[in-house]
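Everything on this sheet refers to the single structure shown next.
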Amino acid sequence: MASYRRDQAVRAAVEQGLLSPSEPVVALLDTAGIRASAAALVSAFAAVTDAPVLHAFAVKACPLVPVLRLLYDCGLGVEVASPGEMALAHAAGVPPSRTVLDSPAKTAAELRQALALGIAVNADNLQEVARLDALVASAPTASPLGLRVNPQVGAGTIEALSTATATSKFGVALRDEGAREAVVQAFLDRPWLRRLHTHTGSQGIPLALMAEGVAAAYALAEEINTKAGRQQIDTIDIGGGLPVNFVSDEETPTYAEYAELLATTAPGLLDGRYGLVTEFGRSLLAKHGTILARVEYTKTSGARPIAVTHAGVQVATRTVYDPPSWPLRVLAYDSEGRPRTGEETVQDVAGPACFAGDLLATALELPLLRPDDIVVVPDTGAYYFAHHYAYNSLVRPAVHGFTAEEDRVVFATVRRAQTLDEIVAEAGGDRVDALLP
Ligand SMILES: *Cc1c(COP(=O)(O)O)cnc(C)c1O
């Protein structure tokens with residue numbers, strides 16, 4: 001998010017009472033920024049191919065219905081990986097023809113439902129393909145059907161998010177003994193199996209490694225089509241995974257850079273013979289989300305200043321549990337929402353949860369924070385505030401979209417804050433006596 005737009009939004013959020021002592025943490029989404037990223041994605045691929053491309057937003061990156069609706073309005077579809085995500089996509093009005101179902105653990109019922117609706121399905125493994133055999137034989141389906149392969153090109157900097165390693169749990173591991181032959185045969189035996197899917201990982205994967213994974217899937221498609229003597233594979237799903245820059249406001253790398261790299265790494269992929277599906281998540285939303293949290297108290301401990309804020313593990317789970325992999329910036333604002341200036345002091349920024357490791361950042365150089373100040377955490381639009389962690393029964397914060405119009409900021413609530421009644425209800429509040437004799 002551009003810093004002037006962020007400053008405007010923070011100030012307006014305070015003035016309009018979205019952030020207050022009784023609602024000490026909120027999340028903001030920059031609607032114009034999301035639209036700009038969606039447009040950049042569409043034009044980056046349009047610049048390198050005339051083939052039809054479905055850009056399916058990976059719902060897990062920001063599972064909020066109005067966000068899915070906005071992206072659909074921008075011409076995107078969705079990639080879903082659970083019954084819950086499928087329900088969100090349906091609620092957002094995204095049609096089956098713009099929906100792709102991936103997931104390593106689809107049940108028979110989920111597959112049956114997807115095929116009945118005509119949703120595209122990528123099987124994860126050959127056992128799942130055998131399940132599809134039975135379903136395809138029992139009823140006609142409009143669903144495009146494919147198979148996920150793991151090109152085993154290697155890991156990026158974050159092991160937990162690298163899906164094309166030698167032993168990844170996803171897809172058919174192509175370099176394993178006999179696997180490639182088995183995949184080719186599976187396609188030759190099934191004329192209805194027409195897509196290949198690959199996704200090399202999320203965050204920390206270099207662009208060249210992503211492109212290498214896609215090139216491997218393309219080479220396999222060419223092999224299958226040659227052996228089949230026809231264009232059996234008609235679509236290649238290249239997954240998502242464009243990394244996001246968490247150290248500044250700069251949006252790098254860009255979709256255009258990646259699309260151009262694909263054009264040089266696998267030119268045949270883009271020559272019009274193959275339709276494409278993409279599944280970007282983080283890169284569409286991360287830069288457009290910001291957490292705002294009030295500083296409740298400040299103290300020193302072992303001479304280190306610490307600001308205790310209302311944003312911690314519940315909204316930034318990955319950062320708190322694995323700070324080296326997921327560093328976030330933290331910016332200081334005063335109680336009225338103006339950027340705090342002045343001498344920088346090394347300090348820690350803590351969250352509200354009751355464990356010592358609940359720290360958003362340590363040894364950060366910032367103007368010294370004071371009670372009632374506001375900390376602003378940019379780049380949290382994907383996999384952060386939309387992924388609430390229920391530790392300490394902390395309330396799920398409200399999410400507001402905003403648009404900046406000249407000197408006015410207009411907010412629209414995407415999701416209101418969770419209420420205490422809802423917390424109690426979700427904690428078995430209607431079954432108080434369930435464990436009594
Ligand atoms: C998570 C995931 C994505 C999205 O990854 P991003 O890094 O958010 O772009 C796409 N496809 C599959 C199969 C995934 O598991």
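Numbering of ligands and ligand atoms starts at 1, following listing order.
Contacts between Phe170 and ligand 1 below 4.0 angstrom, taking non-hydrogen atoms only, are absent altogether. Counting heavy atoms closer than 4.0 Å to ligand 1, residue His199 contributes side-chain atoms (C-beta onward) but none from N, CA, C or O. The proximity of Ala58 to ligand 1, defined as any non-hydrogen pair under 4.0 Å, is limited to the side chain.
The closest non-hydrogen atom to atom 10 (C) of ligand 1, taken over Glu279, Arg148, Glu79, comes from Glu279.
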Side chains of residues 207-220: which donor-acceptor pairs under 3.5 Å do they make with residues two or more places apart or in other chains?
{"residue": "Tyr218", "atom": "OH", "partner": "Glu222", "partner atom": "OE1", "Å": "3.2"}
{"residue": "Tyr218", "atom": "OH", "partner": "Arg273", "partner atom": "NH2", "Å": "3.2"}

For a quick test of your reading: what N or O donor-acceptor pairs under 3.5 Å do the side chains of residues 43-63 make, sequence neighbours left out?
{"residue": "Ser43", "atom": "OG", "partner": "Ala39", "partner atom": "O", "Å": "3.1"}
{"residue": "Ser43", "atom": "OG", "partner": "Ala40", "partner atom": "O", "Å": "3.4"}
{"residue": "Thr49", "atom": "OG1", "partner": "Ala51", "partner atom": "N", "Å": "3.0"}
{"residue": "Thr49", "atom": "OG1", "partner": "Leu270", "partner atom": "O", "Å": "3.0"}
{"residue": "His55", "atom": "ND1", "partner": "Thr278", "partner atom": "OG1", "Å": "2.7"}

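A salt bridge does not link Asp102 to Arg148: none of the charged nitrogens lies less than 4.0 Å from a carboxylate oxygen. The pair Arg98-Glu79 does not meet the salt-bridge criterion, since no charged nitrogen lies less than 4.0 angstrom from a carboxylate oxygen.
Applying the salt bridge (Lys or Arg N to Asp or Glu O under 4.0 Å) test between Lys287 and each of Asp30, Asp379, Asp249 identifies Asp379 as the sole match.
Shown in contact with Gly240 at under 4.0 Å from a heavy atom are these atoms of ligand 1, numbered in order with element: 9 (O), 10 (C).
Here the protein heavy atom with the shortest distance to atom 5 (O) of ligand 1 is Ser202 OG, 3.1 Å. The single protein non-hydrogen atom nearest to atom 15 (O) of ligand 1 is Lys60 NZ, 2.8 Å, given as residue, atom name and distance. Protein heavy atom at the shortest distance from atom 8 (O) of ligand 1 is Tyr383 OH, 2.6 Å.
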